[in-house]
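Note sheet for the following structure.
Remember, it's 1-based here, ligands and their atoms both numbered in the order they're listed. Along the sequence shown, the residues carry numbers beginning at 1.
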Amino acid sequence: MDLNRREIRLCASMLCADAGHLRRDIEQINTAGVDWMHIDVMDGHFVPNMTGGLDVADCIREASAAPCCFHLMVRDPLRSVKRLKLRPGERAAFHLENTAEPESLAAAIRGSGAFAGMAVNPGTPVTRILPHLDCLDYLLVLIVNPGFKGQPMIPRTLDKLRRLREERDRRGLPIRFLVDGAVTPENMLEIVSAGADDLVCGPFTCFNEALGGIGPTLALVKDRLEAGGYLLSPRAKGGERP
Ligand code: DX5
Ligand code: ZN
């Protein structure tokens, strides 16, 4: 396979949107076009930070043209899965570090028709991840420690991503790798070439007054990927249809 002709899918990050202008930011993201709306759900226990909770997640979900991609940084991910009433086409990822039963959580997510993901922290070794790849639709590979936006990438996480990709290719697994955290204009092509299929576009989802909003920053990430020889999905390319 020509790795540079792969289709790369894009997530907007709601954590990086302006909480005081969520509707404006979601509308701009809808117009620009992304594949997923990434919603970080934090309960202040699994990570030392909190987000708006499942009611806010529901509001984002209703306003978003793209399906939601939930990242569950919570003590009880099964409870969030049940409460969210996941819909076909959505995605949800629990953390490996937070469950003794990844297979049954993945089955609960898939049972609602959604795609099942497992998130892994930078410090979690590859050997602990490999036994669970078969039960997943995607692996969320964090390249920062979870909980906060705006942190720098931990460089050794890219070696881990390369090792995971080698194993996926060797076993021929149909699993996608979603890289989350610290995806910047400077490092995004390196991340994709290390094995990312999907990117959470954190800084690209920040409203930028000088550039005229979110559309131009998302256009930047798309332009760079296409210039690097990668493909975009029709949804990411076209934005919302009137
Ligand atoms: C980190 C979150 C990320 C967040 C990353 O805990 O899971 O989804 O959006 O923000 P940046 O891209 O600023 O690192
Ligand atoms: Zn996330």
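Every atom of ligand 1 is numbered from 1 in the order shown, and the set under 4.0 Å from a heavy atom of Phe148 is 1 (C), 6 (O). Remark: ligand 1 atoms within the under-4.0 Å shell around heavy atoms of Pro203 are 12 (O). Every atom of ligand 1 is numbered from 1 in the order shown, and the set under 4.0 Å from a heavy atom of Pro146 is 6 (O). Every atom of ligand 1 is numbered from 1 in the order shown, and the set under 4.0 Å from a heavy atom of His71 is 7 (O). Close approach to Met73 involves these atoms of ligand 1, each under 4.0 Å from a residue heavy atom: 6 (O), 7 (O). Near Gly150, with a cut-off below 4.0 Å to any heavy atom, the atoms of ligand 1 are 11 (P), 13 (O), 14 (O). Close approach of ligand 1 to Gly202 (heavy-atom distance below 4.0 Å) involves ligand atoms 12 (O).
Counting only N and O atoms by type, the side chains of Thr184 and Asn187 include a donor and acceptor under 3.5 Å apart. Residues Asn98 and His95 have side chains that never bring a donor and an acceptor to within less than 3.5 angstrom of each other. Side-chain N/O atoms of Thr51 and Asp40 include no donor and acceptor closer than 3.5 Å.
The N, O or S atom of His38 lying closest to the Zn ion (ligand 2) is NE2. Looking only at N/O/S atoms, His71 comes nearest to the Zn ion (ligand 2) through ND1. Here the N, O or S atom of Asp40 that is nearest to the Zn ion (ligand 2) is OD1. Within Asp180, the N/O/S atom positioned nearest the Zn ion (ligand 2) carries the name OD2.
Atom 5 (C) of ligand 1 has Gly181 CA, 3.8 Å as its closest protein atom, hydrogens excluded (heavy atom only). Of all protein heavy atoms, the one closest to atom 6 (O) of ligand 1 is Gly147 N, 2.7 Å.
Under the 4.5 Å side-chain heavy-atom criterion for Ile, Leu, Val, Met, Phe, Trp and Tyr, Leu142 and Ile191 are members of distinct hydrophobic clusters. Both Val183 and Met14 are part of a single hydrophobic cluster, where members link through side-chain heavy atoms under 4.5 Å apart.
Residue contacts with ligand 1 for Cys16 involve side-chain atoms from C-beta outward but no N, CA, C or O (heavy atoms, distance under 4.0 Å).
The shortest N or O to N or O distance between Leu142 and ligand 1 is not under 3.5 Å. Polar contact check, Asp180 against ligand 1: a nitrogen or oxygen pair lies under 3.5 Å apart. The shortest N or O to N or O distance between Ser13 and ligand 1 is below 3.5 Å. Taking any N or O of Ala182, backbone or side chain, at least one lies under 3.5 Å from an N or O belonging to ligand 1. Below 3.5 Å of separation, one finds an N or O of His38 facing an N or O of ligand 1.
Checked options Leu139, Ile175, Asp169; the residue passing with Leu164 is Leu139 (criterion: side-chain contact (heavy atoms from CB on, under 4.5 Å)). The side-chain hydrogen bond (donor to acceptor under 3.5 Å, both in side chains) with Asp197 is formed by just one residue from the set Arg9, Arg168, Arg176; it is Arg168. A salt bridge (charged side-chain N to carboxylate O under 4.0 Å, His left out) with Asp159 is found for exactly one of Arg163, Arg162, Arg156, namely Arg162. When each of Asp137, Asp198, Asp35 is paired with Arg91, the salt bridge (charged side-chain N to carboxylate O under 4.0 Å, His left out) condition holds for Asp198 and for no other.
By the 4.0 Å heavy-atom criterion, Met14 is excluded from the residues contacting ligand 1.
Taking 4.0 Å as the cut-off between side-chain N and carboxylate O, Glu27 and Arg24 do not count as a salt-bridged pair.
When atom types are taken as modelled, the side chain of Lys160 and the backbone of Pro122 share a donor-acceptor pair closer than 3.5 angstrom. The backbone N or O of His45 lies less than 3.5 Å from a partner atom in the side chain of Asp43, making a donor-acceptor pair.
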